[in-house]
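First up is the structure itself, then whatever we jot down about it.
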Amino acid sequence: MTDGPLLSVRNLEKHYPITEGILSRQVGAARAVDGISFDIARGETLGLVGESGCGKSTAASSIVRLEEPTGGQVLFDDGREEGPRDVTRFDEAELKAFRRDAQMIFQDPSSSLDPRMTVGSSVAESLAVHGMADRERRRTIVENLLEDVGLSASDYDRYPHEFSGGQKQRIGLARALVLNPELIIADEPVSALDVSVRAEILSLVDRLQERYGLSMLFISHDMSVVRDVCDRVAVMYLGKIVEIGETEEVFSDPQHPYTEALLSAIPTPDPRQRRKGIDLTGKVPSPVDPPSGCRFHTRCHRVIQSDEYDLEQANWRSLLNLRDEVVAGAVDVEAVRESVGGEGTDAAGGVETASDDAVEREIRDDFGLPERLSDEAAERRLGDAFDRLLDGNETAAAEALASAFVTPCEESTPEFTDHGGGHRSACFLTARDDRALERPANAER
Ligand SMILES: Nc1ncnc2c1ncn2[C@@H]1O[C@H](COP(=O)(O)OP(=O)(O)OP(=O)(O)O)[C@@H](O)[C@H]1O
């Protein structure tokens, strides 16, 4: 056995083709996982965390080749003399052996339990598949394992429907452990469970991991769950890892604004401890057409300002939101005019038409923009774009906004910056001055 990591994922990619027409011509690709790299040491738990749709499950299934990766390497070191081998190049027999060493646990344990089989037979099944012919021996191993996961040996002969969600996840754990694997990939193992049983299952996972000396990739959208069980954490956004480091470090000194926003969403019972002030608004963009540059720039509260202006950060964010909506053709001036003007009547008794000023005020208000920006140059260019928009020339307005308001974050892709101790993040802010992000004034911790 070498001292190196058990698993090294290198530039892993999974791109799903997007096809069109009866000939299924490929017209694009969903870049669900777009070049992620991380290591998992022996006995270590790495958390992979991010919002729904960022590619966590695709990463997991690509690592064990339930789906074929499009690119990259998955190096697994099972202690052979020749060192780590690339799972993506395994033939069928090698893959079968690898799947004994690397087991998955899923969010819904019922999906992998046959309702017509006793849970004991379900757990014992893979022992038989992998060549253990002695039925009594299989039974003894499984009975012991059921006790290890907090069930009893007599549960062997019961059926899945007789168990609660938490108990089923215990059975899922027993199934994953029965072949004595080295690596467990747990995909949201507690998200479907009642809050009351989550802590029990998490502490069981922790205990089993230590007892069996397991390495684990623990996938979750929930930062608070990750904090409880993971030694290190990798934060994923739209197919890419944006920050990775020791859990303690990442939680106490987050370096990427996305991590910061995820942390601010953790509910805490103590209002004095509550972090607030960071709105993670909007959905994760589509991986078919991800934003250019830093993929988080369309939602980032710290998105970098153009050197030309000196605006309040919130106003800069709002300006970019307005720009993106106008460019997408999603600002319907006439609808706003109607909604603003519909409240009064004109001299002839007809519905009053809202003035351009009123419409502009309304749109500014919708986007959280003040009636006048503090920066004169920015205000002039915004006013210019509004003139065109209110004249009904959306294309010219979009062009004016797109050329006036550009963030460096969309122009190139940030590389990783090393913060020491294996803590790295990919953000221009930290790349610029290599120091921790200052907290926003209104973000309490
Ligand atoms: N077969 C597929 N074809 C095209 N796109 C897909 C396919 N499977 C997943 N995707 C897309 O890939 C992206 C990543 O999905 P994935 O399920 O891996 O995310 P996730 O972070 O695990 O989210 P969740 O927790 O909701 O499962 C999503 O945008 C999803 O729509």
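In listed order, ligands and their atoms are each counted from 1.
In terms of N/O distances under 3.5 Å, ligand 1 is not approached by Ala30.
Atom 19 (O) of ligand 1 has as its closest protein heavy atom Gly55 N, 3.2 Å. Of the protein's heavy atoms, Ser57 CB, 3.9 Å lies nearest to atom 17 (O) of ligand 1. Of the protein's heavy atoms, Gly53 N, 3.4 Å lies nearest to atom 20 (P) of ligand 1. In terms of protein heavy-atom proximity, atom 18 (O) of ligand 1 is nearest to Thr58 OG1, 2.5 Å. Looking at atom 9 (C) of ligand 1, its nearest protein heavy atom turns out to be Tyr16 CE1, 3.5 Å.
A donor-acceptor distance shorter than 3.5 angstrom exists from the side chain of Gln169 to the backbone of Phe106, with no hydrogens or angles considered.
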Could you go through the salt bridge (charged side-chain N to carboxylate O under 4.0 Å, His left out) check for Glu182 and Arg100 one step at a time? CA-CA 9 Å; Glu182 294 197 65; Arg100 194 172 53 216; over 6 Å; no

Asp77 vs Arg85, test: salt bridge (charged side-chain N to carboxylate O under 4.0 Å, His left out). Steps then yes/no. CA-CA 6 Å; Asp77 187 356; Arg85 294 175 307 142; over 6 Å; no

For a salt bridge (charged side-chain N to carboxylate O under 4.0 Å, His left out) check, start with the C-alpha distance between Glu248 and Arg227, then their side-chain angles and the critical distance, and finish with the verdict. CA-CA 8 Å; Glu248 272 294 315; Arg227 177 175 49 199; over 6 Å; no

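Under 4.0 angstrom from ligand 1, the non-hydrogen atoms of Cys54 come from both its backbone and its side chain. Residue-level proximity to ligand 1 for Met236 is absent, since no heavy atom of it falls below 4.0 angstrom.
Both tests pass for Arg158 against the ring of Phe163: distance under 6.0 Å to the centre and angle within 45° of the axis.
The pair Arg232-Glu44 meets the salt-bridge criterion, with a side-chain N (NZ, NE, NH1 or NH2) lying under 4.0 Å from an Asp/Glu carboxylate O.
Interface atoms of ligand 1 facing Glu51, defined by a heavy-atom separation under 4.0 Å, are 21 (O). Close approach of ligand 1 to Pro287 is summarised as follows: ligand atoms under 4.0 Å from at least one heavy atom of the residue are 29 (O). For ligand 1 and Ser52, the ligand atoms under 4.0 Å from any heavy atom of the residue are 23 (O), 24 (P), 26 (O).
Nearest heavy atom pair, residue Arg65 against residue Arg99, reads O-NH2, 2.8 Å.
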Which atom pairs, donor and acceptor, lie under 3.5 Å between side-chain atoms of residues 406-416 and protein residues at least two apart or in another chain?
{"unit_1": "Thr407", "atom_1": "OG1", "unit_2": "Ile304", "atom_2": "O", "d": "2.8"}
{"unit_1": "Thr407", "atom_1": "OG1", "unit_2": "Cys409", "atom_2": "N", "d": "3.0"}
{"unit_1": "Glu410", "atom_1": "OE1", "unit_2": "Arg323", "atom_2": "NH1", "d": "3.4"}
{"unit_1": "Glu410", "atom_1": "OE1", "unit_2": "Arg323", "atom_2": "NH2", "d": "3.1"}
{"unit_1": "Glu410", "atom_1": "OE2", "unit_2": "Arg323", "atom_2": "NH1", "d": "2.9"}
{"unit_1": "Glu410", "atom_1": "OE2", "unit_2": "Thr407", "atom_2": "N", "d": "2.9"}

